[in-house]
K.L.:
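Quick one: the structure is below, and I'll ask about it shortly.
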Protein chains: 2
Amino acid sequence: MMNIKDIARLAGVSASTVSRVVNGKKYVKPEIRERVLDLVRENGYVPNNAARSMVLKRTFTVGIVVPDAFNMFQRQLFSAIERKLEGYGYGTRFFLVKAEPESEKACLGRLKAEMLDGVIMLLEVDDPEFYAVIADSGLPVVLCTFGRADLGLPSVHIDEEAAAKAATAHLIGLGHERIGLLAGAQFSFGKQRQAGYEAALREARIPVMAGRVVVVPSYTAEAGRMGMKELLGREADLTAIFAVTDELAVGAIRALYEAGRPVPDAMSVLGFDDIDISASLSPSLSTVRQPIAEIGTEAAEIIYRLISGVPAETDPIILPYTLLARETTKRREGRDRNGNMA
Amino acid sequence: MMNIKDIARLAGVSASTVSRVVNGKKYVKPEIRERVLDLVRENGYVPNNAARSMVLKRTFTVGIVVPDAFNMFQRQLFSAIERKLEGYGYGTRFFLVKAEPESEKACLGRLKAEMLDGVIMLLEVDDPEFYAVIADSGLPVVLCTFGRADLGLPSVHIDEEAAAKAATAHLIGLGHERIGLLAGAQFSFGKQRQAGYEAALREARIPVMAGRVVVVPSYTAEAGRMGMKELLGREADLTAIFAVTDELAVGAIRALYEAGRPVPDAMSVLGFDDIDISASLSPSLSTVRQPIAEIGTEAAEIIYRLISGVPAETDPIILPYTLLARETTKRREGRDRNGNMA
DNA sequence: TAAAATCCTGCAAACGTTTTCAGAAGCATT
DNA sequence: AATGCTTCTGAAAACGTTTGCAGGATTTTA
């Protein structure tokens with residue numbers, strides 16, 4: 001591997017001059033600049049980033065903390081962030097953390113070892129020390145797709161509870177009253193979306209029944225399928241299901257398919273997130289769209305400002321969601337099974 | 001940020017000693033070791049990787065080159081690689097490359113700047129110079145999910161053509177003869193899978209008709225939907241479709257749904273890859289499973305051996321595929337529309 | 001033509017590590 | 001008491017950059 005001194009020797013100049021040429025600095029005689037540039041091209045010389053960042057004390061890299069098993073939603077979010085940051089001359093670097101808390105610790109260590117310029121958290125870490133350590137190491141952070149009012153860190157996300165409430169209200173508006181919920185315990189959005197579901201029911205004076213709720217262990221299609229089976233077993237008379245995630249909804253639809261209950265005729269199903277495949281399903285999945293591109297762009301924008309020394313704005317940025325009433329939700333027809341309009 | 005000298009000063013020892021403690025070297029008095037370790041913990045000291053890799057000339061990191069818009073299949077592959085490499089004490093780092101050839105050049109530069117210990121290519125780069133530069137910079141490489149016989153680089157993948165042939169033969173075995181193909185031009189698997197499709201037809205003495213093939217511009221569900229619409233427009237009498245990708249198949253099913261042609265009763269659809277959602281679709285998608293975990297593990301294994309100095313085995317590792325006959329493919333019933341058993 | 005300003009260049013220090021080397025200290029063996 | 005092992009420790013060099021500084025060369029200004 002060529003280094004700066006090799007090029008310098010070849011060009012008959014000092015390393016300083018090569019450095020100046022490579023970094024486009026002024027004060028290099030044009031003819032020397034040309035010669036060096038040629039040598040750089042011929043030899044495919046690229047400055048070593050480790051050495052570079054040692055002296056500059058910055059890496060032009062922001063770390064993206066994501067769950068080990070990141071899903072399509074996070075994948076798309078990442079793309080949006082990447083694109084925006086690239087425009088600012090910054091690269092990104094993944095930091096995967098597994099479900100185990102020990103993995104969070106390890107991630108913290110890796111973050112510190114890397115001299116990052118900033119961190120975007122796509123993953124909600126429970127350990128408050130995690131944020132504390134990052135924050136008082138002076139590393140810019142932004143929370144993305146979730147917030148933590150207690151921490152005073154900038155964040156960008158939707159109003160999860162309001163969105164889930166609107167989603168549930170959509171089902172209610174279609175005439176549904178016995179609405180099941182596929183909720184999850186894993187991240188705070190699980191609880192927030194559940195709260196939204198309950199709020200919508202309460203507002204419509206529909207009793208919130210624990211028997212209509214299943215809390216699944218993970219947000220996968222298979223978990224959704226199992227959850228739906230459970231729900232079908234214990235509550236035969238649901239007419240609609242709100243799954244707090246599109247993957248869950250896909251699994252729920254699968255369970256209904258296996259049970260011979262066609263969607264949306266026998267049961268309406270509503271998801272959340274609008275992952276890229278949702279619109280292409282047959283029937284297409286009704287869901288709540290998070291403005292992925294905007295969330296990612298905004299997070300990138302904030303981290304860039306933070307890195308550039310603009311003081312942090314710690315009020316959360318709340319972006320608008322969109323309810324997408326597609327084909328898996330349908331007005332409830334037929335007789336009201338039990339006269340009373342609760 | 002604490003550095004090694006800070007810890008050294010605090011402990012009243014030299015940096016050398018701290019280094020020895022942190023790296024678990026012998027020849028440090030137990031009581032000093034304890035004191036240093038305490039200080040390290042208290043202050044959350046983590047050695048700076050840039051400085052570390054400068055002197056060690058290795059980073060314990062392997063680069064993973066992936067397409068900018070990597071899909072779930074690649075996402076899962078990455079997980080398998082990551083897991084295996086982690087066990088060997090290596091981390092991974094993403095290098096995204098966009099569809100533009102200029103982006104490949106940029107990626108090459110980034111790879112060189114990073115002092116990686118090895119590279120796993122999940123993306124097929126066309127530019128032969130790309131491989132040439134990497135190869136003669138002495139950087140270990142393994143191609144994953146594709147091969148390049150001409151380059152003499154280690155690779156691990158399935159026999160794409162044989163798999164596609166078997167897939168098509170499955171449809172033929174179910175009594176289908178007028179089989180459409182949703183092919184793609186983007187990577188070599190597109191052509192290889194198309195070749196397999198044609199080989200199966202030829203073997204069954206079914207004429208290969210250009211009108212039954214649509215080459216889509218990308219491997220997305222939406223592209224599959226458009227392609228299928230195109231196919232429906234020009235060929236009304238197909239009974240089965242082979243889509244070279246599961247995403248494409250999802251889109252095809254969508255187009256059929258919109259056209260009122262139920263799958264699998266009116267049309268069988270077969271995908272390829274077995275992405276994680278395929279089994280949970282309704283009906284579940286028949287497809288060809290690539291052994292994702294095995295491919296990833298094997299690639300990680302090879303790169304590890306290469307890094308460790310074990311001479312390269314350049315014969316491609318061909319792993320077995322599995323045909324998954326699920327619910328979207330079905331025996332063709334009813335009359336043979338035109339008597340002749342071609 | 002002298003002085004001042006500008007342009008160009010190289011030396012050397014610095015960034016945070018690891019490791020070689022040399023030497024000190026302790027201990028056991030002659 | 002000298003010798004040879006271990007065990008321990010720190011100084012210093014090295015890794016590949018960037019940049020402040022000093023000085024030389026060139027141009028501009030007076």
Side-chain angles (χ1 to χ4, degrees), chain A residues 1-37 39-40 43-61 89 109-117 137-138, chain B residues 1-37 39-40 43-61 89 109-117 137-138:
Chain A
M1 266 281 158
M2 280 272 161
N3 66 24
I4 200 171
K5 286 187 190 160
D6 295 328
I7 301 290
R9 193 157 0 89
L10 259 35
V13 297
S14 73
S16 321
T17 299
V18 176
S19 174
R20 279 187 275 258
V21 170
V22 171
N23 293 293
K25 295 272 167 84
K26 289 195 337 182
Y27 301 139
V28 177
K29 211 189 289 182
E31 108 199 28
I32 293 192
R33 158 163 280 129
E34 278 317 307
R35 188 164 74 227
V36 171
L37 241 27
L39 256 3
V40 165
N43 297 281
Y45 166 72
V46 178
N48 179 312
N49 269 347
R52 199 151 196 277
S53 51
M54 284 223 52
V55 20
L56 294 180
K57 302 234 236 235
R58 51 190 312 193
T59 53
F60 297 96
T61 301
R110 267 152 44 222
L111 288 173
K112 289 167 90 171
E114 293 297 344
M115 258 197 309
L116 299 167
D117 294 351
S137 79
Chain B
M1 264 283 157
M2 281 273 160
N3 66 26
I4 200 170
K5 285 185 190 159
D6 295 327
I7 301 291
R9 193 159 359 90
L10 258 35
V13 298
S14 74
S16 320
T17 299
V18 176
S19 175
R20 276 186 277 256
V21 170
V22 170
N23 294 294
K25 294 273 168 83
K26 289 196 336 184
Y27 301 140
V28 177
K29 209 191 289 185
E31 107 199 29
I32 293 193
R33 159 164 280 128
E34 277 317 306
R35 189 164 73 228
V36 170
L37 241 27
L39 257 3
V40 164
N43 297 281
Y45 166 71
V46 178
N48 179 312
N49 269 347
R52 197 151 198 277
S53 51
M54 285 223 51
V55 19
L56 294 180
K57 303 233 237 233
R58 51 188 315 194
T59 53
F60 297 97
T61 301
R110 268 154 42 222
L111 288 173
K112 289 167 90 170
E114 293 297 343
M115 256 196 312
L116 298 167
D117 294 350
S137 78

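Order of the sequence lines fixes the chain letters, A, B, ..., with proteins taken first and strands second; residue numbering starts at 1 for each chain.
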K.L.:
Provide, to the nearest angstrom, the distance between the CD atom belonging to A:E31 and the P atom belonging to C:dC7.
P.N.:
17 Å
K.L.:
Using atom NZ of A:K112 as one end and atom C1' of C:dG16 as the other, report the distance to the nearest whole Å.
P.N.:
16 Å
K.L.:
Nearest whole angstrom, please: distance from the P of D:dG16 to the CD of B:E114.
P.N.:
15 Å
K.L.:
Within a strict 4.5 Å, meaning less than it, do heavy atoms of the B:L116 and B:L111 side chains meet?
P.N.:
yes
K.L.:
Rounded to whole angstroms, how far apart are NZ on B:K25 and P on C:dC21?
P.N.:
14 Å
K.L.:
Which heavy atom of B:V40 sits nearest a heavy atom of B:V22, and at what distance?
P.N.:
CG2-CG2, 4.2 Å
K.L.:
With sequence neighbours excluded, what pairs up with B:R110 under the side-chain hydrogen bond (donor to acceptor under 3.5 Å, both in side chains) test?
P.N.:
none
K.L.:
Taking the side chain as C-beta and beyond, is there a heavy-atom pair between A:K29 and A:T17 under 4.5 Å?
P.N.:
no
K.L.:
Across the strands shown, which category fits A:N23 at heavy-atom distances under 4.0 angstrom: base, sugar-phosphate, nothing?
P.N.:
sugar-phosphate
K.L.:
Between P on C:dT17 and CZ on B:R58, what's the gap in Å once rounded to a whole number?
P.N.:
19 Å
K.L.:
Could you write nucleotides 4-14 of chain D as a row of B, S and -, 5' to 3', where a protein heavy atom under 4.0 Å of any base atom gives B, of only sugar-phosphate atoms gives S, and otherwise -?
P.N.:
---SBBBBB--
K.L.:
Can you measure B:I4 atom CD1 to C:dT19 atom C1' for me and round it to whole angstrom units?
P.N.:
11 Å
K.L.:
Return the value, rounded to whole Å, for the distance between atom CE of B:M54 and atom C1' of D:dT17.
P.N.:
7 Å
K.L.:
What is the distance, to the nearest angstrom, from the CZ atom on A:R52 to the P atom on D:dT17?
P.N.:
10 Å
K.L.:
At under 4.0 Å, does any side-chain N or O of B:K5 touch on OP1 or OP2 of C:dG16?
P.N.:
no
K.L.:
Is a donor on one side and an acceptor on the other found under 3.5 Å between the side chain of B:N48 and the backbone of B:A50?
P.N.:
yes
K.L.:
When you measure from the side chain of B:N43 to the backbone N and O of B:Y45, does any donor-acceptor pair fall under 3.5 Å?
P.N.:
no
K.L.:
Verify the contact: side-chain N or O of A:N48 to OP1 or OP2 of D:dG16, cut-off strictly under 4.0 Å; return yes or no.
P.N.:
no
K.L.:
Does D:dT18 have its OP1 or OP2 closer than 4.0 Å to a side-chain nitrogen or oxygen of A:K57?
P.N.:
no
K.L.:
Could you tell me whether the side chain of A:V28 reaches within less than 4.5 Å of the side chain of A:V13, counting heavy atoms only?
P.N.:
no
